[in-house]
Amino acid sequence: MIRDERIPSDELRRIDEAVRDDWPTGDDVDFEEAVAYHESLPAHKRFADVLESADAPLLQPRAGVPRLEDQIELLAYLHEAGEADLLPTTIDSYTRDNAYEKAREGLETARETGEDALNGFPAVNHGVSGCRELIEAVDAPVEVRHGTPDARLLAAITFAGGFQSFEGGPISYNIPYTNRHGLAETIENWQFVDRLAGAYTERGVRINREPFGPLTGTLVPPSIAIAVMLIEGLLAATQGVRSLTLGYGQVGNVVQDVAALRALRELGEEYLPDEVVVTTVFHEWMGGFPPDEARANGVIGLGGMTAAIARPDKVITKSPQEFQGVPTREANAAGLRTTRQVIDMAIEQAIDIDGVEEERELIERETRCLMDAVFDRGDGDVVRGTLEAFDAGALDVPFSPSDSAEGAVLPARDDDGRVRILEWGDLAMDDEIKEIHGARLSQRADAEGRDQSFRMVADDVDAISEGKLIGRPRDRGDA
Amino acid sequence: MIRDERIPSDELRRIDEAVRDDWPTGDDVDFEEAVAYHESLPAHKRFADVLESADAPLLQPRAGVPRLEDQIELLAYLHEAGEADLLPTTIDSYTRDNAYEKAREGLETARETGEDALNGFPAVNHGVSGCRELIEAVDAPVEVRHGTPDARLLAAITFAGGFQSFEGGPISYNIPYTNRHGLAETIENWQFVDRLAGAYTERGVRINREPFGPLTGTLVPPSIAIAVMLIEGLLAATQGVRSLTLGYGQVGNVVQDVAALRALRELGEEYLPDEVVVTTVFHEWMGGFPPDEARANGVIGLGGMTAAIARPDKVITKSPQEFQGVPTREANAAGLRTTRQVIDMAIEQAIDIDGVEEERELIERETRCLMDAVFDRGDGDVVRGTLEAFDAGALDVPFSPSDSAEGAVLPARDDDGRVRILEWGDLAMDDEIKEIHGARLSQRADAEGRDQSFRMVADDVDAISEGKLIGRPRDRGDA
Amino acid sequence: MTQTVVLGVIGSDAHVVGITILEQAFSAAGFDVINLGVQTSQEEFAEAAVAHDAEAVLVSSLYGHAEQDCRGFHDVLESAGVDALTYIGGNLAVGQDDWERTRETFRELGFDRVFDSETDPEDAIAALRQDLQITPTEAERLTISS
Amino acid sequence: MTQTVVLGVIGSDAHVVGITILEQAFSAAGFDVINLGVQTSQEEFAEAAVAHDAEAVLVSSLYGHAEQDCRGFHDVLESAGVDALTYIGGNLAVGQDDWERTRETFRELGFDRVFDSETDPEDAIAALRQDLQITPTEAERLTISS
Ligand code: B12
Ligand code: B12
């Protein structure tokens, strides 16, 4: 039975070799040489240092195209025209599925036809040297962003390739992203990824790790997201990770979002060992966007405003073309600049909103319930506790495509637009908290003159893309 | 010497006839017939009623093109694709200058070449029937927006033409808009406009009047804007206006903007007679915009957010092309929808920010100082008081192009981004208030390690267009 | 008699929210919905269609690989002996593609109807009723008079 | 020896903020600025240029009627005997026009330089120094060594 213990060095080496055998480009990884390579990188490309020393939120977009030259050009553009502080490299879906052969074919097609036959950058196929070419060509730190349940080879290659930040985690890159991997399996995979990051860290190359906070992006109650961040943070810390960026996806209610980001930071400091530097990342609205760039800019504007008030260390921006598909680079840069303008205009202002502390306390209480459930079930072992909690539905993620989560929790907004829980399933939550949510939701149901039902949930899922925060019944108008 | 007294009916008739003699289209105005025409309009085209009965902020763009058919098409587009609740008709600059012959030539050129040879709709030249064609063709209430010091003929024709709302006032359409008209002259002109609106009002056709709150649009201290609104409101009320929309232009600091809108509404209720229905309008940032549509969307987003918190009755939107020139209709509609999305997502949330009440009190105290100065100097007569106060610089508007204002007041932002007064000139303000401003500004100067000077003012004027709220010295970076 | 539809997200795609909404909407409209969930293979669609004798197969794809994932799909259905309507919907192209071109691509792959991601579930239900010649008004009249 | 520039907003235009900034910037750069304010006629520009023996006439226009307002301007200057550089800047076209076309239009009207509204005052100062053959470095060197 897998436990929350650091992978021993020899075991690390054994897995590393096995993983690198999966695909020819794995051969080019040489840890010692890679450490030296990282040491040769200039200070402004050291991801953890740049992020941790910033005094205002840094902005980062999402972006990945199959060909190396195109990716270089795209990132340079986002850095210059978009004024991005941190750059991403989003990996294609085949690589995420470990279907390296399909990714290779896609890359070939892309090279032959010039068309983007993949939805991201196939880093494994580009190999260590391809990655380094990218790192050298662009003038800011770059993170690997993906969604890969088994990211071991991807980590080995991209770390050796000079990337110093790596998104994901065993829960956050499993539950929302796949139905093909068990949780025990992904935890084991990610222990390796974190252990490898830890090995670099030990040698002075602090690889930044970023659990994916938004989960399914769709009305995720803050405490669920934060609990997952804390668990993934703890697992990573065990393996030696020392730079952790905990994530959270905007729900759209300013008070709740600001409160959640504060709770995330405070609980992160509290739960994670002292030697870990904790930073936070705020994702602009991750759910369905309006099918209209002008309206999408409104959603982005609200995100920027929230970020200015909450002051996370990093903001992942959306583009006005989010609804439609992978954005043009111009639209991507526009999302960055719109966000930048709002943040820069609002961040020097003292904007203290009533009720943030109260909401933060509620979120913290909820999160503690979930964390207690994990610790209790695992008898102190986070891995066991996590497996058992998910198995029992004591920990759960709404709209989960994965069988590893019960998926019984259903969220809905209260009358103020805060995300509450309508169906609890077996979620480990105090009755008192359940009553608070229940009261808030029945207040809304009364206001709308209808029952609490899946209809309400479905309306809330569509609301922002239809121009509102709360999915009110249509025939009753705006109020 | 002109006083704040209602123009007697016979005098009204005399001026009306004289004014209508200025240009051939004046002949077509027939008051009785016009009242009947207004009565024939459907409820959803009655401006005052629609505005006063709304339960959420209504959105209105700016828009005017020379040709009638184009204007109809433009307004229909903004109503449909932009989802504007209220529509504008912005008048061209020649008509504003009473240069009707030049406007006629421009209109002719526009008709012949298809090019927009005028920067607005020459309503006087289109005449009563042209205006009515417009009112009938579009499906929402329409306001005349202009900037005309002597708008008497424009009012006579557009009121008869079916418009039920008319922007401007003797101060707000003089001081920021021209250097060619004395204040006594414009007050007299606007007494006629208001009296005419009052005559319709008496007959049940409540013409909505909207003093232009943003004034020069450039760092106008809220109390100055509010004082001007109250004065113009009082003058209009004297002449029989019963539907008044007091305006305010966003300064960009959320607390100050929300406080100012509250002060505007409260003081409006307090100072204006009970029989006047007071509503408020919030103008999205009226100063220099960023030369970048993406950043401009950020400015618009902050405006929408502020509106959602302050809940004015109406919002005048900007377009992402504000910097460049008169926007395409698509950009104009986009500005509307971006604003709409932010407002609709934020307005159902309870967002109570600390310090709003304190700032509102400060603004009210300042406004009372200015109003007292006006009443004192006029011995109770607002007209006399206004003339003398402006003459003495006791009332003043920053960046005034007009010699009617001393233009000695210089505003600058404090360290929180609120607009304070750096140079008072002869402004009638309590010493205690001056000290408060002084302290705030010296706090900023200290933070920036520089003196309070015109350089600071100039930096603040450029700041938003350069991406920030506060014009910090450039070499010192962002913080 | 209720009609059965098979619903799923094809390929490696895990976007589940859309089909969750669709499942509810089609069920509420009186269909029997077999929801295969995300990351469903062509073969799994075919098997389910056969097993449940489905009138329609509703394929969802959001992540931009729909075209690759659907190549040969109609051959697989045919070999399995499936004779059902096939609809596809979601976000069917990578990037900011022209919708008409996208629709054509999927029509040529064999789908009876192609829906973009702005589709309201009600529109898809109306289309299916029409294609299956269920007149909703009649159905409703029957319900009312029964 | 300080050089004199005449500055004003032409026509019926009352946008005063730009020239307020420009006045300060040109003064700070050592020029003698005669600021005519807003709504200045062609004749007023010419008179001021003659009266102050100006080296340059700086015309500002923001409101979109610049072209109409400037027609014949250079004839008026010439008849008054003004032989100064002429610059124009601001927002020179109605609507979202192409800048190159706009620049050409005003060059043809006789302006020596045409500036868009993104112009930093420093750029205009640098251009004027160049056109008047004031080398700022030399000037600075003189100041430093004097
Ligand atoms: C939420 C979301 C996620 C969540 C998904 C959680 C989950 N498991 O469901 C997370 C964050 C995990 C995610 C991951 C990814 N995502 Co995603 N995601 C979205 C987002 C923001 C909303 C999707 C959504 O839930 N909408 C709400 C539901 C109700 O609407 P819907 O899905 O469109 O479905 C409706 C209609 O489309 C229609 N419909 C759908 N299918 C069908 C079928 C038929 C027959 C019919 C009639 C109708 C129909 O009816 C549905 C109900 O109304 C969209 C962008 C957007 N739309 O705003 C991007 C988007 C779909 N994702 C995208 C991408 C690229 C990805 C990733 C590959 C990238 C990444 N960086 O990680 C991964 C893919 C992982 C995987 N293996 O699938 C792209 C797809 C690009 C393209 N097609 O060109 C999009 C468009 C974002 C973008 N602009 O780049 N994503
Ligand atoms: C503030 C403002 C106003 C205020 C002006 C107050 C005042 N008296 O100054 C008010 C609200 C009163 C106003 C009125 C109008 N305005 Co106005 N206004 C603006 C706005 C938002 C900012 C202008 C500003 O102050 N900028 C800040 C200063 C520092 O920059 P600047 O003026 O551009 O000047 C700099 C440069 O351009 C350059 N420069 C300028 N001149 C010169 C000359 C030379 C030789 C050189 C080298 C450089 C140079 O250097 C300056 C300093 O850095 C602009 C849009 C924008 N830019 O964002 C519209 C804008 C200029 N206005 C516009 C219009 C149409 C009007 C009105 C006709 C419309 C109306 N609906 O009322 C009236 C005109 C009234 C009149 N008779 O002039 C349009 C012009 C459209 C066009 N050109 O195609 C604009 C672009 C808005 C728009 N998108 O529609 N306006």
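Chain letters run A, B, ... following the sequence lines, proteins first and then strands; every chain starts at 1.
At least one donor-acceptor pair closer than 3.5 Å links the side chain of A:Asp416 to the backbone N or O of B:Ala350. B:His437 places a side-chain N or O within 3.5 Å of a backbone atom of B:Ile421 that can act as its donor or acceptor partner. The main-chain N or O of A:Gly417 is never found under 3.5 Å from a side-chain atom of B:Glu348 such that the two would form a donor-acceptor pair.
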message: Test salt bridge (charged side-chain N to carboxylate O under 4.0 Å, His left out) on A:Glu83 and A:Arg340; report intermediate values, then the result.
response: CA-CA 8 Å; A:Glu83 301 167 46; A:Arg340 173 66 75 203; 5.1 Å; no
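Looking at A:Asp415, only its backbone comes within 4.5 Å of chain B, counting heavy atoms on both sides. Residue A:Pro320: no heavy atom, backbone or side chain, is found under 4.5 Å from chain B. Interface residue A:Ile464: backbone and side-chain heavy atoms are both found under 4.5 Å from chain B. When heavy atoms are compared at a cutoff of 4.5 Å, B:Ile347 does not approach chain A at all.
The candidate from A:Val255, A:Asp354, A:Val342 with the greatest count of non-hydrogen atom pairs under 4.5 Å with chain B is A:Asp354. Interface remark: of the candidates B:Met345, B:Arg418, B:Gln349, B:Gln349 forms the most heavy-atom pairs closer than 4.5 Å to chain A.
Note on B:Glu359 versus B:Arg420: salt bridge recorded, some NZ/NE/NH1/NH2 to OD/OE distance being below 4.0 Å.
Near-neighbour residues of residues 299-311 of chain A relative to chain B, defined by a heavy atom under 4.5 Å from a heavy atom of that chain, comprise A:Val299, A:Leu302, A:Met305.
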